[in-house]
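In this text the structure is predicted, and so the values were computed from the model without any measurement. Counting starts at 1 for both ligands and their atoms, following the listed order. Along the sequence shown, the residues carry numbers beginning at 1.
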Amino acid sequence: MTDEKRPALPAEGVPADRVLAELRALRGADRATHGGRLFAYVYDPAVPGLDELTAAAHAASAHVNGLDPTAFPSLLTMENALVGAAARLLGGGPGTAAPEVVGNLTSGGTESLILAVKAARDGNPQITEPRLLVPVSAHAAFAKAAHYLRVALDTVPVSPRTLRPDPADVAAAIRPETVLVACSAPSYAHGVIDPVEQIAALAAERGVRCHVDACFGGWTLPYLRRLGAPVPPFDLSLPGVTSISVDLHKYAYAPKGVSVLLHRDATLRAPQYFAFADWPGYTMINPVIASTRSGGPIAAAYATLRHLGDAGYLSLARQTRQAVAGLAEAVRRVDGLRLLAEPESTVVCFTSTDPTLDLFTLVDELTVRGWHTQPQFRYGDLPASVHLTVTASVAPTVPAFGPDLTAAVAATRAAGPVRLPAELLTLTGTLTPDALTPDLVATLVTGLGFGGPGAGGAVGSAGGVGPGDPDGGDRGAGGAVVPERMAAVNTLLDAAPPALRERLLVEFVSLLQRPTY
Ligand SMILES: Cc1ncc(COP(=O)(O)O)c(C=O)c1O
């Protein structure tokens, strides 16, 4: 990238080939989405030709609007087929325990979860102060749903040993106002499957809906089971499960923008809809949050499933399973690292057992070696950890990971623990989120090595803060420069209580999100 100004709305239009060249140059600053070295954000099956197919499918339907299924029956046909495929995979459909299952496509896991909570809330209009109950390991999108929908959030702890909630704690936490109990299959942070069978039975006993968040790994679990993995029941085969979500843009390997939300029957789904006829325009009937919906992601997901087929997903799950086993073994071989959980799905998550082996420095050292992992901060009894989302594309790179991990560990030990300037530590210890003024944020940003506005950067919103471009590259127009090494930032954030972390990160991200002219 150069610092040449490129307004989005130039006085005169720019020729198509130049525009594309500019886009490619911008993309050059991103982390590589292919190549099997990125362990978060991107789900890559490394299937030759799939990108071309999905790009063509996306383009064919990009301008079609899902707002009105009668005007664009192509989208309705594809949506119903995708919902049917997800239902079949997750224990529903004709001849199963959930023959009446219905569902919709949403834009992603967060939207699916918000709608599951909305359906539960509006399905219980008699409850005036509705509550949602989840394990603390449930995805943050549940907190977002609770926040947006003004539903109170109750949490139960997870055991530091199993990383799962105790069903007895769930039973004790269900209140008369609880409209939904949710759990994960598997959880994002650690990749473990909650005791869904017990939790769903408890919820059913109390007449409360139970949602299974299978957004992350739900598409792989049935395949892993077919390959011999001991996957417990987690889906619509359990009578107490009233809804379940699975993201096609994760392990179904579809391009971004598609998740499936299933309900056991149409009555349970009914309160998910929003309908409005009390205005002079068209009557709005929306099953999901968005009204206008591009057909692009739907068509791309349809093309992905049709092209890969059941056999394709089984083979991709086999590759992923081998990759997970190889990566976990590489971690086990390192003195001072411990798997936080024995892998039971597609996540490898480890922590440090040795104070001289700083996890955040290790993440930086892996980045320098071309491996992008995701730091996770300490939480309650749970130590800080490093998360690896493993996809099929990782399989060929596994042999290279072990030696690089060993080298990164040696470099981390040589560097010693992160030392933060004393005034920063004092600030973190004494600051409350409300006291965080723009001036203080500016001091922290500079103190932590973030540059001023002008060169762009990346802040990982799904966990710890990811390191900047290891080549030290500038990251396009707008925002602030993210330092190459993030250990200091992550150490500071790790030391801060969650409310302060949230506030600091909002301020950091807000600094990045400034218009360019
Ligand atoms: C278990 C789980 N649920 C929900 C979500 C939210 O999905 P999205 O980022 O597509 O909104 C994620 C994302 O990683 C997830 O892992």
Side-chain angles (χ1 to χ4, degrees), residues 33 38-44 82 86 90 104-118 132 134-149 153 155 158 163-165 180-194 196 199 210-221 231 234-235 241 243-262 288-290 293 297-298 300-301 304 320 341 343-349 372-376 379 385 387-391 459-464 466 509:
T33 53
L38 177 58
F39 292 110
Y41 309 117
V42 173
Y43 299 77
D44 178 20
L82 289 167
L90 298 175
N104 292 96
L105 298 182
T106 71
S107 63
T110 300
E111 188 178 351
S112 289
L113 299 185
I114 292 174
L115 289 170
V117 177
K118 173 186 155 27
L132 163 66
V134 298
V136 287
S137 55
H139 194 273
F142 282 112
K144 183 171 175 176
H147 177 74
Y148 278 17
L149 297 168
L153 183 66
T155 56
V158 296
L163 304 163
R164 279 181 257 273
L180 184 67
V181 175
C183 52
S184 315
S187 64
Y188 176 80
H190 311 117
V192 303
I193 303 162
D194 285 341
V196 182
I199 292 175
C210 174
H211 181 80
V212 177
D213 177 7
C215 285
F216 174 56
W219 199 269
T220 54
L221 292 181
V231 174
F234 70 95
D235 57 18
V241 172
S243 58
I244 184 166
S245 49
V246 61
D247 292 356
L248 301 185
H249 64 199
K250 293 194 172 80
Y251 280 100
Y253 295 117
K256 304 259 179 275
V258 195
S259 168
V260 183
L261 171 59
L262 301 173
V288 296
I289 295 176
R293 279 200 286 166
I298 296 173
T304 307
T320 309
E344 52 189 75
S345 59
T346 56
V347 170
V348 174
C349 179
H372 297 277
T373 58
Q374 192 168 54
Q376 299 183 138
Y379 180 83
S385 59
H387 167 108
L388 276 58
T389 289
V390 184
T391 60
V459 173
S461 57
V509 173

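E111 meets the salt bridge (Lys or Arg N to Asp or Glu O under 4.0 Å) test with no other residue; sequence neighbours excluded. Not counting sequence neighbours, the partners of H387 by the ring pair (Phe, Tyr, Trp, His ring centres under 6.0 Å) test are Y188. For the side-chain hydrogen bond (donor to acceptor under 3.5 Å, both in side chains) test, no residue two or more places apart in sequence or in another chain qualifies with T320.
Near ligand 1, residues G108, G109, T110, L113, H139, Y188, D213, C215, F216, D247, H249, K250 each place a heavy atom inside the 4.0 Å sphere around the ligand atoms.
For the 3.5 Å distance criterion, the side chains of H139 and S184 fail to qualify, holding no donor opposite an acceptor.
At least one side-chain heavy atom of L105 sits under 4.5 Å from a side-chain heavy atom of V260.
Considering all non-hydrogen atoms of both residues, L261 and S112 come closest at CD2-O, 3.6 Å.
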